[in-house]
Amino acid sequence: MAPDKGALHLYNTLSRTKEPFVALNAPHVGMYVCGPTVYGPPHLGHARPYVTFDVLSRYLRHLGYQVRYVRNITDVGHLVDDADEGEDKIARRARLEKLEPMELVQRYTLAFHKAMDLLGNQPPSIEPRASGHIPEQIEMIEVLIRKGFAYESNGSVYFDLEAYRAKYPYGDLSGRVVDELVAGAGNERRALAGQSEKRKPEDFALWKNAEPQHIMRWNSPWGLGFPGWHIECSAMGVKYLDAPFDIHGGGMDLLFPHHESEMAQTTACHDCAPCRYWMHNNMVTINGQKMGKSLGNFINLDDLFEGTHPLLSQAYDPMSIRFFILQAQYRSTLDFSDGALAASAKGYKRWIQGLQELIAYKPAPSMAGQEPAVNSGSILSAPIFEAKAQAALNDDLNTPILIALGYELLNEFQSVKSGKITVTAANWTDLVGKIKVYMTDILGFNLSDSGKEASLSPALEGAMKLILDLRQQAKDSKNWAQSDLIRNALNEAGIKVMDDKEGSRWSLG
RNA sequence: GGUCGGGUGGCCGAGUGGCUAGGCAGAGCUCUGCAAAAGCUCCUACAGCGGUUCGAAUCCGCUCUCGACCUCCA
């Protein structure tokens with residue numbers, strides 16, 4: 001039975017509208033997201049889609065669905081453009097670094113996993129590798145040939161778009177019109193490899209004959225070669241999710257030709273569309289510009305987390321990056337700049353620490369004559385908070401609104417602390433539970449992990465207590481030079497000391 | 001040239017017909033040995049020009065402008 005907890009609406013690229021989400025085989029939901037090509041270190045461009053679809057899978061699970069989230073690892077390499085025409089990306093890097101291609105793939109796969117983990121992304125249910133599914137891809141290509149939608153040419157196999165278009169529409173997803181594609185001006189840029197082998201220039205490769213220098217190669221009915229770019233997603237998506245499955249996600253840059261081709265291949269092979277909903281996250285820019293290696297503004301995630309990049313003034317905590325990403329709706333472009341990141345990191349600190357304090361708070365019993373917030377329409381009322389949080393997510397995953405609700409909670413929380421408004425213990429317990437559900441389970445921010453310092457080590461705790469006691473003695477005797485000396489020295493050692501009414505607090509960093 | 005998506009206050013970023021989004025920065029204040037942190041208050045925008053409407057950031061048209069993609073780059 002499909003759980004009914006309000007109506008989730010998702011923007012479907014295919015219809016260009018927000019549609020109510022209806023699972024094809026409730027309570028199961030199949031979701032396929034195009035994964036990374038592991039030919040280099042994980043970068044900013046990887047952060048956004050995987051945070052976005054992580055939140056989607058978490059929310060679907062919260063709604064009661066059993067989600068199978070499949071995200072591939074592309075490790076068979078694809079052609080590079082520019083000067084390296086015709087040479088496999090992975091093979092090229094491997095040669096440069098004098099490694100086996102698979103060694104390189106392994107290194108960057110691990111780096112990718114680590115970055116995803118730091119960003120708070122849960123691993124997908126299945127993470128199939130393209131190189132581990134060569135037989136499935138070959139099999140699919142054979143079906144396409146048999147059905148007359150593909151042809152072999154000089155050891156390569158191409159998708160016959162003309163044959164396909166005679167039976168199915170093509171271009172609906174991306175809004176392309178084939179006849180304009182090839183004819184279009186400004187399109188003479190690339191002399192595509194193997195263009196002469198094709199019957200029509202718009203045909204795309206399913207299997208590519210391997211040149212001698214191409215290291216990554218597999219045996220096939222058409223000779224040594226490697227699969228075309230699009231076929232892996234089609235083959236693996238269908239293998240693990242069946243066609244049609246519910247959701248196919250990825251970056252907007254994949255819309256054409258990648259997803260359009262996937263759609264054609266699967267449709268031609270199985271006579272049904274690969275999926276019901278196509279979702280695309282918008283792109284990331286750096287200081288308003290596309291991120292690109294040639295533009296010199298490429299930011300790897302490690303650089304971000306460690307602050308080692310000329311464009312960055314400081315290191316950014318991975319979870320503050322997650323926060324930054326979720327502060328924008330996934331269909332808007334998101335501009336990374338040092339200023340925006342710094343602002344967001346600061347806001348995140350207040351947000352997370354405030355909420356941590358909130359969920360640890362034990363409200364005093366209601367005072368007579370004061371109306372509890374639960375009756376006043378305040379967001380501190382658990383049902384009201386939940387209704388608003390759910391409405392935000394149901395509207396095509398509007399995470400910025402949900403984050404803003406967190407700030408609203410903190411605002412009202414002040415009034416609770418100062419006794420201006422009262423809450424009932426029962427409602428407070430409910431509210432804390434809901435906050436954990438939405439902010440932790442769904443958005444992925446850990447609220448119970450306050451006092452990172454407290455768990456560091458009892459030895460440090462003890463030492464700090466001693467130091468702060470000594471400092472307090474200095475303060476009591478108005479020996480400001482001494483107390484400031486201690487505070488400054490600790491500061492230089494990376495320990496912040498702050499005084500308030502109750503005494504001194506300290507924290508790392 | 002084509003297709004698609006944008007242009008919101010100093011910055012980031014929600015919002016699709018009337019009701020203060022939110023954050024950061026800035027200003028003032030509270031607290032305070034100093035500092036920091038925290039809290040309170042203030043800061044009311046919607047690229048331009050027309051149009052529709054009682055009323056538009058929100059709908060329509062035009063202009064300017066930015067971005068993505070345009071077949072083997074994920």
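Residue numbering restarts at 1 for every chain, and letters A, B, ... go by the order of the sequence lines.
Rounded to the nearest Å, the gap between the P atom of B:rG2 and that of B:rU63 is 12 Å. Here the separation of B:rU30 from B:rC12, taken at their C1' atoms, is 29 Å to the nearest Å. B:rU53 and B:rU58 are spaced 16 Å apart, taking the P atom of each and rounding to whole Å. On the P atoms, B:rU71 is 44 Å away from B:rC24, given to the nearest whole Å. Taking atom P on both B:rC19 and B:rA74, the two are 48 Å apart, rounded to the nearest angstrom. Taking the P atom of each, B:rA35 and B:rG23 are spaced 26 Å apart, rounded to whole Å. B:rC29 and B:rA36 have their P atoms separated by 15 Å, with the value rounded to a whole Å. Straight-line distance between the P atoms of B:rA38 and B:rA47: roughly 34 Å, to the nearest whole Å.
Between A:H46 and A:T333, the residue anchored closer to the 5' end of RNA chain B is A:T333, taking for each the nucleotide with the nearest heavy atom. Each of A:R505 and A:D253 was assigned the nucleotide of RNA chain B with the nearest heavy atom; the assignment lying further toward the 5' end belongs to A:R505.
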Inset, instruction - Mind running side-chain hydrogen bond (donor to acceptor under 3.5 Å, both in side chains) on A:S332 and A:N282 for me, showing each step along the way? - result: CA-CA 5 Å; A:S332 310; A:N282 213 323; over 6 Å; no
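One finds a salt bridge joining A:D484 and A:R487 here, because a Lys/Arg side-chain nitrogen approaches an Asp/Glu carboxylate oxygen to under 4.0 Å.
No donor-acceptor contact under 3.5 angstrom links the side chains of A:N72 and A:E127, judged on distance only. Under the 3.5 Å distance criterion, with hydrogens and angles disregarded, no donor-acceptor pair is assigned to the side chains of A:D469 and A:Q473. In this model, no donor atom of one side chain and acceptor atom of the other lie less than 3.5 Å apart for A:D75 and A:Y39. Residues A:Q329 and A:T399 have side chains that never bring a donor and an acceptor to within less than 3.5 angstrom of each other. With hydrogens and angles left out, the side-chain atoms of A:Y59 and A:N394 include a donor and acceptor closer than 3.5 Å.
Paired regions of RNA chain B, where each region holds three or more successive Watson-Crick or G-U pairs whose two hydrogen-bonding distances fall under 3.5 Å, are B:1-7 with B:64-70, B:10-12 with B:22-24, B:26-30 with B:38-42, B:47-51 with B:59-63.
The side chain of A:D484 lies closest to B:rG33, out of B:rU71, B:rG33, B:rG22. Of the candidate nucleotides B:rA74, B:rA21, B:rA36, B:rA74 has the atom lying nearest to any side-chain atom of A:T74. Relative to the side chain of A:R350, the nucleotides B:rG39, B:rC12, B:rG22 differ in distance, and B:rG39 lies closest. Side-chain atoms of A:F324 lie closest to B:rC12 of the nucleotides B:rC12, B:rC69, B:rA35. Relative to the side chain of A:A343, the nucleotides B:rG13, B:rU71, B:rG23 differ in distance, and B:rG23 lies closest. Taking only side-chain atoms of A:E202, from C-beta outward, the nucleotide of B:rC34, B:rU71, B:rG23 with the closest atom is B:rU71.
A:S483 comes within 4.0 angstrom of a nucleotide base, judged by non-hydrogen atoms across all strands. The residue A:E260 sits apart from the nucleic acid: no heavy atom pair falls under 4.0 Å. Contact annotation for A:A328: backbone-only contact, meaning every heavy-atom pair under 4.0 Å involves sugar-phosphate atoms and none involves a base. Contacts of A:M252 with the nucleic acid, taken as non-hydrogen atoms under 4.0 Å apart, are absent. Base engagement by A:L254 is indicated by at least one non-hydrogen atom pair under 4.0 Å involving a base atom. No contact: A:G45 has no heavy atom under 4.0 Å from any strand. Residue contacts shown for A:Y407 are limited to sugar-phosphate atoms, with no base heavy atom under 4.0 Å away. Contacts of A:L405 with the nucleic acid, taken as non-hydrogen atoms under 4.0 Å apart, are absent. Heavy atoms of A:N488 sit nowhere under 4.0 angstrom from any nucleic acid atom. Backbone-only contact: A:N411 has heavy atoms under 4.0 Å from sugar-phosphate atoms and none from a base.
Taking only side-chain nitrogens and oxygens, A:W229 never comes nearer than 4.0 Å to OP1 or OP2 of B:rU71. A close approach under 4.0 Å does not occur between any side-chain nitrogen or oxygen of A:N282 and OP1 or OP2 of B:rG67. Distances shown here put every side-chain N or O of A:S332 at or beyond 4.0 Å from the OP1 or OP2 atom of B:rG13.
One atom, CG of A:D160, and another, C1' of B:rU71, lie 15 Å apart when rounded to the nearest Å. In this entry the distance linking OH of A:Y170 with P of B:rU3 reads 17 Å, nearest Å. Per the geometry, CD belonging to A:E232 stands 8 Å off P belonging to B:rA74, to the nearest Å. Whole-Å rounding puts the A:Y330 OH to B:rG5 C1' distance at 13 Å. If you measure from atom CG of A:L410 to atom C1' of B:rC40, you get 15 Å, rounded to the nearest angstrom. Here B:rA36 presents its P atom at 11 Å from NZ of A:K346, a figure rounded to the nearest Å. Rounded to an integer number of Å, the gap from A:R16 CZ to B:rG6 P is 11 Å. Note: CD1 (A:I403) to P (B:rA14) measures 10 Å, nearest angstrom.
Residues A:Y361 and A:F413 bring their aromatic ring centres within 6.0 Å. For A:W351 and A:F445, the distance between ring centers is under 6.0 angstrom.
For A:Y316, the ring pair (Phe, Tyr, Trp, His ring centres under 6.0 Å) test picks out no residue, with sequence neighbours left out.
Within 6.0 Å of NZ on A:K434 lie no more than 12 heavy atoms contributed by other residues, nucleotides or ligands.
Stacking between A:W351 and the base of B:rG23 is absent under the criterion of ring centres within 5.5 Å and planes under 30 degrees.
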